[in-house]
There are 2 protein chains.
Amino acid sequence: MSTGITEREQGEAGSPGSDRHLRADAQRNRARILEAATTLMAVHGIDVPIDEIAQLAQVGVGTVYRNFPTKAALFEGLLMARLEPLVSAARAAADADEPGEAFVDFVRNLSDEFANFKALADAMVDSGVDLDAAKSQISGELISAVSRLLERAQECGRIRPDVTIGDVSAMMAGISHTDPILMDPSQRKRCVALVCDSLLIGARSVLPRSEILQSPAPVRTGSRPS
Amino acid sequence: MSTGITEREQGEAGSPGSDRHLRADAQRNRARILEAATTLMAVHGIDVPIDEIAQLAQVGVGTVYRNFPTKAALFEGLLMARLEPLVSAARAAADADEPGEAFVDFVRNLSDEFANFKALADAMVDSGVDLDAAKSQISGELISAVSRLLERAQECGRIRPDVTIGDVSAMMAGISHTDPILMDPSQRKRCVALVCDSLLIGARSVLPRSEILQSPAPVRTGSRPS
DNA sequence: TACTATACGGAACGATGGTTCCGTTTGTCA
DNA sequence: TGACAAACGGAACCATCGTTCCGTATAGTA
């Protein structure tokens with residue numbers, strides 16, 4: 001469901017003459033805003049009020065909007081910065097000697113990234129922000145890099161041939177976007193291991209027995225302490 | 001992240017003298033509200049404005065609130081009605097002759113239910129409503145029924161012994177709550193099949209080959225037509 | 001130190017959505 | 001049919017949140 005965020009021209013605040021001189025205090029503030037936004041969006045995803053970001057950065061809302069024309073622009077900036085290393089990693093993995101292992105490792109890292117930066121997971125579902133061309137491009141790059149990785153892993157016989165990139169995307173999105181209380185870190189690792197088991201040919205349990213056999217995580221049944 | 005919904009006393013509107021006489025028009029309206037809410041929450045989950053429910057029911061908002069003290073109460077009423085048959089189904093499955101097959105069937109049905117009634121899937125993640133004791137009780141019943149089903153299926157050697165109810169809950173929540181565009185019906189079925197493969201001992205591909213081998217679903221890369 | 005372009009803060013605005021309130025309508029019963 | 005409790009509708013209220021605006025403060029420069 002769409003929130004009230006409207007789309008507009010994107011990109012870093014106007015940027016007239018891209019290397020225009022920023023006053024020292026302005027540079028400091030911009031850095032603080034980015035830091036605060038990273039901290040908060042990592043935990044709360046896109047659902048973080050601009051006011052809170054401004055407060056943590058010890059800055060007024062106006063200053064945030066002077067640096068980023070909309071909340072979506074700020075969100076996207078952080079998102080792309082997080083996405084780029086993943087694309088590189090996927091490309092490197094596709095060129096690895098053992099694409100099967102590289103694939104499993106990549107999936108694990110991807111899951112960790114999603115968990116460590118919730119906004120990334122939010123971006124994979126309808127989070128209410130209209131993500132624009134830039135985002136969709138880099139995200140397309142990630143998909144195609146992972147596709148190649150998947151193909152190579154399938155070619156060398158480590159991954160089921162009937163598995164598609166759609167399967168991988170959907171399952172990663174699912175695992176990554178689940179309530180972090182139902183899906184605590186160890187639970188998430190178990191699920192990633194199970195998913196990998198379902199994709200791999202042959203060997204079951206990519207996780208060590210000690211971890212896959214650990215005592216079950218407490219099960220949340222719905223209500224939560226407010 | 002919590003929306004503006006506050007918690008209060010729950011249960012159907014005051015209900016002073018639980019079988020109190022309802023005027024004919026009131027009964028009609030209540031039925032229409034439930035029908036409208038079911039229709040809308042099935043598609044949009046909890047993120048449906050009360051005004052829209054009232055409008056579809058051809059009733060004023062006041063009438064909605066006379067029947068259900070809060071939006072959460074209305075949500076819960078519908079949720080519980082959906083959950084009860086699932087609990088029964090899980091219990092029946094646990095007593096089936098072949099718990100392994102019964103388990104897989106149950107998981108498939110559960111996934112369908114989640115997909116057909118989005119509010120159910122919303123309930124499995126932090127949807128912003130404080131779900132109270134009643135909800136948490138019935139949901140606990142579901143968990144324990146599925147636990148027994150899982151145990152039986154494990155006892156008869158069809159399901160991996162190291163799989164826990166936490167794994168099953170988390171994976172179902174993940175699959176069910178993913179963006180319905182990334183996770184369209186056929187994609188969802190594929191994922192359920194993969195998950196089942198990862199849980200089962202022996203046989204791979206609980207889906208017929210024709211279905212698991214169908215052409216890959218189009219991959220969504222992020223942005224969406226507004 | 002004085003001047004000014006740049007940047008700042010945060011009050012105010014507008015949209016959304018849950019909830020309440022109260023004047024009006026209507027089903028029910030005598 | 002008349003009277004009244006029950007129920008109705010929807011305007012209004014309040015809180016949240018994205019965004020804008022403008023009077024004020026200050027970094028940089030002469």
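Order of the sequence lines fixes the chain letters, A, B, ..., with proteins taken first and strands second; residue numbering starts at 1 for each chain. Remember, it's a predicted structure, so these values are computed and weren't measured experimentally. Values below: every heavy atom of this structure, side chains too, minus hydrogens, waters and symmetry copies.
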Given atom [atom1] of [X] and atom [atom2] of [N], what is their separation to the nearest angstrom?
{"X": "B:D51", "N": "D:dA12", "atom1": "CG", "atom2": "P", "result": "15 Å"}
{"X": "A:I50", "N": "C:dG9", "atom1": "CD1", "atom2": "P", "result": "14 Å"}
{"X": "B:L74", "N": "C:dG18", "atom1": "CG", "atom2": "P", "result": "11 Å"}
{"X": "B:R32", "N": "D:dC8", "atom1": "CZ", "atom2": "P", "result": "10 Å"}
{"X": "B:Q58", "N": "C:dT25", "atom1": "CD", "atom2": "P", "result": "19 Å"}
{"X": "B:K71", "N": "D:dA15", "atom1": "NZ", "atom2": "C1'", "result": "15 Å"}
{"X": "B:F68", "N": "D:dA7", "atom1": "CZ", "atom2": "P", "result": "14 Å"}
{"X": "B:D47", "N": "C:dT16", "atom1": "CG", "atom2": "C1'", "result": "12 Å"}

In plain terms, say whether B:D112 and B:R188 are close enough for a salt bridge, that is, a side-chain N and a carboxylate O under 4.0 Å apart. yes

So does B:R108 pair up with B:D105, basic N to acidic O under 4.0 Å? yes

Find out whether [X] and [Y] are in side-chain contact, i.e. whether some heavy atom of one side chain is under 4.5 Å from a heavy atom of the other.
{"X": "B:L56", "Y": "B:I33", "answer": "no"}
{"X": "B:L142", "Y": "B:I138", "answer": "no"}
{"X": "A:R190", "Y": "B:V163", "answer": "no"}

Any side-chain N or O of A:N29 under 4.0 Å from OP1/OP2 of C:dA7?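 Indeed not, no polar side-chain atom of A:N29 lies that close.
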
Presence of B:T63 side-chain N/O under 4.0 Å of D:dA7 phosphate oxygens OP1/OP2: no

Letter by letter from the 5' end, nucleotides 22-30 of chain D scores (B base, S sugar-phosphate only, - none; protein heavy atoms under 4.0 Å) ----BSS--

If the condition is side chain to side chain donor-acceptor pair (under 3.5 Å), which residues does A:D95 pass it with, not counting sequence neighbours? A:R148

For A:S147, side chain to side chain donor-acceptor pair (under 3.5 Å) partners two or more places apart: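 With sequence neighbours excluded, A:S147 shows a side chain to side chain donor-acceptor pair (under 3.5 Å) to no residue whatsoever.
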
Hey, which of these two, B:V61 or A:Q27, hits DNA chain C nearer its 5' end, going by closest nucleotide?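 Upstream on the strand: A:Q27.
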
